[in-house]
Amino acid sequence: MTGTNSPQGGLTRRSFLKTTAAVAGATALAGGAGLTALADSAPAADAGEQVFVGRCNYPGCFGCERNVVVRDGHVVNMKPRPEAPYGRRPCAKGYSLMQRLYSDQRTMYPLKRAEGSERGDGQWERISWDEAISTVCQKFMEYQAQYGSYSLLFYGGPAGADMVHITIRQRLTGSLMVTTQDGCADWAIYHGVHRVLGNPQSGNMTFCAWEPFEEDVCNAKNFIVWGKNPCNSYPQRWRYILDAHDQGTRLYAVDPNVTQAALRADKWFKVRPASDLALVLALMQVIFEEGLQDDEFLKTQTVAPLLVREDNGKFLRMSDLGVEPIAGPPDMYGVPTFIDAPAAWDLDANKPGSSAEIVNPAMEGSFEVNGIKVTCALTLLKERVAQYPPEKMSELVEMSPEDIRELARICADGPVMHMYGMGFQHYDNGLHLGMALATLQAITGNLNKRGAGMVNDSVAAPFNYGLLLAPAFTFANTVPLMSIPEIIKTGQFKGMPYPIKAAYITASTAPMGNTNAVEFLDAIRSLEFVVVQDVTMSPAVTMLADIVLPACHPFERDMIHYAHIEQELPYAPKMVEPAFEALSDTEILIRIAKGMGLGDVFPENDVDALNQTLLAEPYLSMGISIDTLRQNHTMRYAPKGFLYAAGFPTGTGRVEFYSESPQARMDLGLELDYSNQHMADLTFPVEAWPGTKAMDKYPLVFMYQRNPFRFHGTGNDGAWANELEKEPIARINAADAAARGIESGSLVEFYNERGYVVMRTFVDAGVRSGIVIYDSKGLRPDQYVAGDPALLMQNHIDPFAVNQSFFDCTAEMRPWNEGR
Ligand SMILES: Nc1nc2c(c(=O)[nH]1)N[C@H]1C(S)=C(S)[C@@H](COP(=O)(O)OP(=O)(O)OC[C@H]3O[C@@H](n4cnc5c(=O)[nH]c(N)nc54)[C@H](O)[C@@H]3O)O[C@H]1N2
Ligand SMILES: Nc1nc2c(c(=O)[nH]1)N[C@H]1C(S)=C(S)[C@@H](COP(=O)(O)OP(=O)(O)OC[C@H]3O[C@@H](n4cnc5c(=O)[nH]c(N)nc54)[C@H](O)[C@@H]3O)O[C@H]1N2
Ligand code: SF4
Ligand SMILES: [Mo]
């Protein structure tokens, strides 16, 4: 963690609080209908009504269809749509979308910060779109001319989940070659899983054997939910899991706390926070010890028989045996490729040969080939996990060896599906956890067969790259979000100049939720010029903006949902005219492109961009166009079936539980030692682990959970949500409360040496002792009694995963006495 006082921005942990207090006043410009007004206008009969098939636009969720009722140009109701393929029962936050449309916190007009006022004062002047766009473009072009394109930071989140918006945004950032951010959220576990199962470069986070999941989950014999609360975070998937459970699939939950999944499970495995890695390594030890592994799968579909060279950690190749590589098919750029097959030991011939040809390879042992010592990958794995038997891991995981053995047998009794969440990777050891869990699936053969696989969220639709790429094939420079404060302060990253002067922030409230929130805000506030584009007066708007660009709500524009759950393209039409002067995100970006002289290489307007978006494969050959989507609402762009029928998308085409050239997820320009990155191994969190200095002083793991009413910061403007839950709450265990004289329902201060927050706190028997769970960043900073959870966060990053470890943070608590 870097220092909390910045000489540049002057925003310290103290002034962060002062700034957030101004947020409440900053929304005074707004005005609109709340819950009461909407109730008054509930639909009567159907006279004069229009019904559209609308859907949610939360990224990574289903995009559930529902019938949206429009009367006199206003959305007045939303009803379930039973004929929808999967999303048939919209959840609470799905319904709240309607409220966001008429929220009193909508951005209404382009605004500029009033002359003489400070950022965060909440004093705005209304300006025209022409003035807004020309101010933005003029400023951006000045910085570009003086400092180069990297001086512009385009910070965009996935919110809105609109394919056209994201496509045009990337065309613009690539054309201008600006600096953009990598969000560094959720990636540790995926990077680990991708190392083992291959990275299809598709944003795919679900590795079910059969797609769609909804048709296959009932084929699982055992379904295990890890560090996830799908009832809140994936309500539609949860429904299919419960259906499968009713039909006989056994359900298990691995979680430190009681969740709805734990309550419904046949057995709940209660783990210590951040100890899942130790647990999964022990599970594999048991599986090998008891001979429960799937030898045939290991032999034919994994790297188990491949020979690893002791001298350089790489697989022994046929070229090492003097066989010339043969020509392979050209790659996607037309560059010739060569096949140099990995070698295995042929037991019948008692010599090495091509792994592609050997029928009876050695699965274990060490050999010497041309003076090089080589060892079967499976032997290396077995030696690794032999170090972690249940009896040894039991104390770390705080689970009995008997329970660990029971879970191991469940994991080997296929078909098994693991649903893995974010909770258990929000610590600094998340990357190895991803590798370990994928390896567990490989050794038990629970991949590539029905009812088996690894389930998470999000399949990214194929984009129209012709439209997305800049015309001259230039690219933006992506930097990790975590490094942005340092880059702004020093003007450098990886030895290259990044003299950032201005920021354009859209579809994100990341500053409020990053583990480096304080430094991040501080850094952005030190910039000369900040533009924020949002549907609502979000904290990013109220705290940072010089210019506000009001964006359409998804019901006010056509939408092609790009980050959905199955390989099906969800579409929703524009249903009502934009409120006030809002424009679609795409239209705003096109106007900026035109204002910066790029008009001739951009679509004419948002409708033109929409029409061009689907003029690409696989849409053309699947008959998917805006017209057919308008008729069908949702259309598959890939046939149903096995995802990895043709082999795994790894270098060897096999499951690589041993990776010969492990990479860091992002290059931070650091010299790294990769020797322990080939295979999963026991690594530890930085704070949330017994024996750390932080834990000694602040013994409670400080974590959040997804709120069913909101999607991060999207929805904190929804009147229903705020009426149901007026203030952020925290939950703690009774023993922890009693030890500190805390009463349920009272205000409690949570603190560590970095900062503090005060929340109303309830004793909850479902919370494990030693844990504080607070509401995820659904609520606005000004709704905290005092302080903010962001002030407590630590900001260490594992340089291999380059990801935020949101739960790797500890705190102490005491009754709040109205002052510190
Ligand atoms: N404390 C804490 N921090 C967290 C998390 C947490 O739960 N708690 N979660 C972490 C994770 S896993 C993630 S993925 C990130 C997510 O972080 P973000 O991607 O920043 O998500 P949101 O906070 O929802 O911010 C979305 C913003 O986009 C706006 N918006 C919604 N729809 C549109 C649209 O169509 N157009 C435009 N222009 N704007 C739109 C919303 O009004 C809102 O202000 O946060 C991470 N940080
Ligand atoms: N309603 C709603 N749904 C959402 C979102 C939202 O904001 N609101 N956000 C979306 C996004 S971007 C994301 S990333 C996902 C995240 O959704 P999930 O992956 O479901 O994450 P959480 O809801 O944070 O649940 C984390 C779970 O992990 C448990 N946990 C904590 N530490 C450990 C540990 O060390 N080991 C184990 N085994 N469990 C642990 C917690 O007790 C909790 O039950 O949700 C998505 N869905
Ligand atoms: S938030 Fe997700 S589950 Fe809920 S209605 Fe929307 S798409 Fe469906
Ligand atoms: Mo996320």
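For this chain, numbers begin at 1 and follow the sequence in order. Atoms within a ligand are numbered from 1 in the order they appear, just like the ligands themselves.
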Side chain, backbone, both or neither: the part of V701 lying under 4.0 Å from ligand 2 by heavy atom: neither
Tell me the nearest of D255, I773, V271 to atom 29 (C) of ligand 2, using heavy-atom distances. D255
Nearest 0.5 Å, please: how far is CZ in F807 from CE in M703? 6.0 Å
Min N/O separation A551 to ligand 1 under 3.5 Å: no
Say whether, by atom type as modelled, one donor and one acceptor occur between the side chain of D808 and the main chain of A688 under 3.5 angstrom. yes
Applying a heavy-atom cut-off of 4.0 Å, say which part of F806 lies close to ligand 1: side chain, backbone, both or neither. side chain
Checking contacts here: is it the side chain or the backbone of S233 that comes within 4.0 Å of ligand 2, counting heavy atoms only? Could be both or neither. both
Heavy-atom contacts under 4.0 Å between H426 and ligand 2: side chain, backbone, both, or neither? neither
4.5 Å side-chain heavy-atom contact, V254 and L407: yes
Of F709, Y234, W238, the one whose closest heavy atom lies nearest atom 46 (C) of ligand 2 is Y234
The criterion is salt bridge (charged side-chain N to carboxylate O under 4.0 Å, His left out); which residues satisfy it with R706, sequence neighbours excluded? none
Taking the non-hydrogen atoms of P554, is any one of them nearer than 4.0 angstrom to ligand 1? no
Polar atom proximity, D186 to ligand 2 (N or O, under 3.5 Å): no
Does Y420 have a non-hydrogen atom less than 4.0 Å from ligand 2? no
Does only the side chain of F807 get under 4.0 Å from ligand 2, or the backbone, or both, or neither? Count heavy atoms. side chain
Could you check which of G227, C91, P256 puts a non-hydrogen atom nearest to atom 33 (C) of ligand 2? P256
Hey, which atoms in ligand 2 end up nearer than 4.0 Å to a heavy atom of R710? 1 (N), 2 (C), 6 (C), 7 (O), 8 (N)
Backbone or side chain, does any N or O of G157 fall under 3.5 Å from an N or O of ligand 1? no
Could you tell me if any non-hydrogen atom of Q705 lies under 4.0 Å from any atom of ligand 1? no
Indicate, as side chain, backbone, both or neither, the part of R706 found under 4.0 angstrom from ligand 1 when only non-hydrogen atoms are considered. side chain
Run the numbers for me: atoms of ligand 1, each under 4.0 Å from some heavy atom of T536, listed by number. 42 (O)
Going by distance only, is there an N or O of P273 that falls short of 3.5 Å from an N or O of ligand 2? no
Report the part of N232 (side chain from C-beta onward, or backbone N, CA, C, O) that has a heavy atom under 4.0 Å from ligand 2; answer both or neither where that applies. backbone
Judging by distance only, is a nitrogen or oxygen of G421 under 3.5 angstrom from one on ligand 2? no
Heavy atom under 4.0 Å from ligand 1: found in A790's side chain, backbone, both, or neither? neither
In terms of relative ring orientation, are F424 and Y420 parallel, tilted or perpendicular, with 30° and 60° separating the classes? tilted
Give a yes or no on whether a salt bridge exists between E395 and R272, defined as a side-chain N under 4.0 angstrom from a carboxylate O. no
So, the side chain of Y427 versus the backbone of P273: is there a donor-acceptor pair under 3.5 Å, distance only? no
Is the ring pair Y109/F580 parallel, tilted or perpendicular, if the boundaries are 30 and 60 degrees? perpendicular
The side-chain contact (heavy atoms from CB on, under 4.5 Å) partners of A730 (sequence neighbours excluded) come to F750, M759, T761, V772, Y774
Do any N/O atoms on D585 end up under 3.5 angstrom from N/O atoms on ligand 1? yes
Please verify whether a non-hydrogen atom of Y427 lies at under 4.0 Å from ligand 2. yes
R100 heavy atom under 4.0 Å from ligand 1: yes
Report yes if D276 has an N/O atom closer than 3.5 Å to an N/O atom of ligand 2; otherwise report no. yes
Donor-acceptor side-chain pairing of S805 and D428 below 3.5 angstrom: yes
So, 4.0 Å and heavy atoms of Q533: is ligand 1 close enough to count as a contact? yes
